[in-house]
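As the structure lists them, so they are numbered: ligands from 1, and atoms in each ligand from 1. Bear in mind the structure is a predicted one, so any value in this text is a computation, not a measurement.
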Amino acid sequence: MEHLVNSKVKQIELSGIRKFFNMVADIEDVISLTIGQPDFETPEHVKNAGIDAILANYTTYTHNAGFYELREAACHFVEKKYGLTYSPKNEVIVTVGASQAIDCTFRTLLEEGCEVIIPSPVYPGYEPLIKLAGGDPIYVDTTNNQFKLTADLIAPYINENTRCIVLPYPSNPTGVTLSEDELKDIAELVRNKNIFVLSDEIYSELNYGKQHHSIARFLREQTIVINGLSKSHSMTGWRIGLLFAPESVTKHILKVHQYNVSCATSIAQKAAYEALTSGIDDADQMKKAYEERLEYVYHRLVKMGFEVVKPDGAFYLFPSIKKFNQSSFDFALSLVRHAGVALVPGSAFSEFGEGYVRLSYAYSMEQLVEAMDRIEKYLESL
Ligand SMILES: Cc1ncc(COP(=O)(O)O)c(C=O)c1O
């Protein structure tokens with residue numbers, strides 16, 4: 001009966017990150033720097049709020065958009081941190097992770113033939129969802145622009161089919177982000193055009209040395225802001241995302257969300273409330289540790305001769321491996337086999353990721369030191 005399965009679904013492939021992870025899972029004594037999730041535990045007070053919610057029988061459906069106080073806390077969070085103003089009444093939706101917020105957004109905005117401009121290399125989660133919603137992903141090569149999708153790169157790709165631009169900054173897999181001026185330029189470019197911006201800011205709390213800016217401050221009416229607690233509060237498994245947009249858009253996204261999941265898990269919502277109130281600055285501790293690791297790994301890589309753009313945020317480095325004259329897949333495979341270190345081939349992040357590998361430094365300093373030693377030894381043996 002497989003022939004009856006929706007052809008769009010059949011054409012989608014599993015994420016290259018997972019594929020590579022599964023492939024190397026059985027090789028022994030490998031330090032894996034492949035996964036993009038914090039290595040910290042969810043803060044204790046947040047875990048306790050989840051436990052309390054269960055004990056208090058907070059186990060029923062909530063409002064579709066999330067319980068009101070949580071929506072208030074979410075709006076307060078983005079106002080305090082990034083100067084964004086949204087109404088808790090009708091301009092925020094609590095979703096099942098940022099992933100579901102992205103899916104609901106594309107399904108609400110796109111129709112057959114709509115084009116979505118995406119920087120490349122990029123997180124692989126957008127393309128399948130765009131295609132399922134009938135849209136066409138249009139990748140823009142950012143490799144010669146410090147991995148930044150700036151207004152001058154976007155302009156040539158805008159046409160009457162362009163419905164949306166994805167701005168995923170700070171970026172997975174490159175860690176770079178856009179400055180306030182670069183965001184303003186993009187806002188000017190698309191202002192009053194029939195184009196939305198999906199601004200995926202899931203790493204907004206993990207920025208090093210630079211203040212995070214959201215394009216919604218300059219282009220509120222056309223922007224859908226995606227955020228969540230997965231990275232900021234080390235809550236990947238709780239599945240709490242946040243979506244902010246003007247009421248005219250949110251009211252339609254809410255319908256898709258409602259029929260999809262009814263609401264985010266009530267227990268996780270209570271934990272999220274604790275995180276966004278008493279734990280509003282919880283990311284700071286983790287950020288300090290990430291920054292130390294970033295400095296260490298970045299300098300080790302540079303010392304080994306890798307060309308690598310120094311990131312502004314998230315917890316990834318994306319060094320070039322072009323000088324080894326191997327595909328990123330073959331390079332990563334040799335590294336696993338001969339050095340015992342797993343990195344993700346850049347090709348997992350769309351075609352322009354070829355020639356790079358992604359290293360996640362959301363791992364302990366001990367693991368990072370050992371991994372760097374192993375890579376160095378391997379390179380010396382070549
Ligand atoms: C850029 C980006 N957006 C969205 C997500 C998904 O976040 P969540 O786990 O909250 O669904 C990830 C996860 O790695 C990501 O890197």
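Among all protein heavy atoms, the one lying closest to atom 10 (O) of ligand 1 is Ser230 OG, 2.6 Å. Among protein heavy atoms, the minimum distance from atom 5 (C) of ligand 1 is reached at Tyr123 OH, 3.4 Å. The nearest heavy-atom contact from the protein to atom 7 (O) of ligand 1 is Ala98 CB, 3.6 Å.
Look at Thr236 and you'll find every heavy atom at least 4.0 Å from all atoms of ligand 1. In this structure, Lys231 has a heavy atom closer than 4.0 Å to ligand 1. At a 4.0 Å cut-off, at least one heavy atom of Tyr126 sits close enough to ligand 1 to count as contact.
Using a 3.5 Å distance cut-off with no hydrogens or angles, the side chains of Thr59 and Asn57 do not pair a donor with an acceptor. For the residue pair Thr143 / Asp141, a side-chain donor-acceptor distance below 3.5 Å is found, with atom types taken as modelled. Looking only at atom types and distance, the side chain of Thr108 has no donor-acceptor partner in the side chain of Thr105 under 3.5 Å away.
Every atom of ligand 1 with a heavy atom of Gly97 under 4.0 Å away is listed here by number and element: 10 (O), 11 (O).
In terms of polar-atom proximity, defined here as any N/O pair under 3.5 Å, Tyr316 makes no such contact with ligand 1. Note: no N/O pair closer than 3.5 Å links Val96 and ligand 1 by distance alone. The shortest N or O to N or O distance between Tyr203 and ligand 1 is below 3.5 Å.
Note: the hydrophobic cluster containing Val122 does not contain Ile117 (ILVMFWY, side chain heavy atoms under 4.5 Å, direct or indirect links).
Both the backbone and the side chain of Ser99 come within 4.0 Å of ligand 1, counting heavy atoms alone. The side chain of Arg239, and not its backbone, has at least one atom closer than 4.0 Å to an atom of ligand 1 (non-hydrogen atoms only; side chain from C-beta on).
Closest approach of Ala362 to Pro38, counting heavy atoms only: CB-CA, 4.2 Å.
At a threshold of 4.0 Å, the pair Glu188-Lys184 does not count as salt-bridged, since none of the basic side-chain nitrogens sits closer than that to a carboxylate oxygen. In summary, Glu205 and Lys81 engage in a salt bridge, as defined by a charged side-chain N under 4.0 Å from a carboxylate O. Salt-bridge annotation for Asp312 and Lys148: absent, with no side-chain N of the basic residue lying under 4.0 Å from a carboxylate O of the acidic one. Using a 4.0 Å cut-off between a side-chain N of Lys or Arg and a carboxylate O of Asp or Glu, Glu295 and Arg300 do not qualify as a salt bridge.
When the heavy-atom distances from atom 2 (C) of ligand 1 to Asp200, Asn172, Thr95 are ranked, the shortest goes to Asp200.
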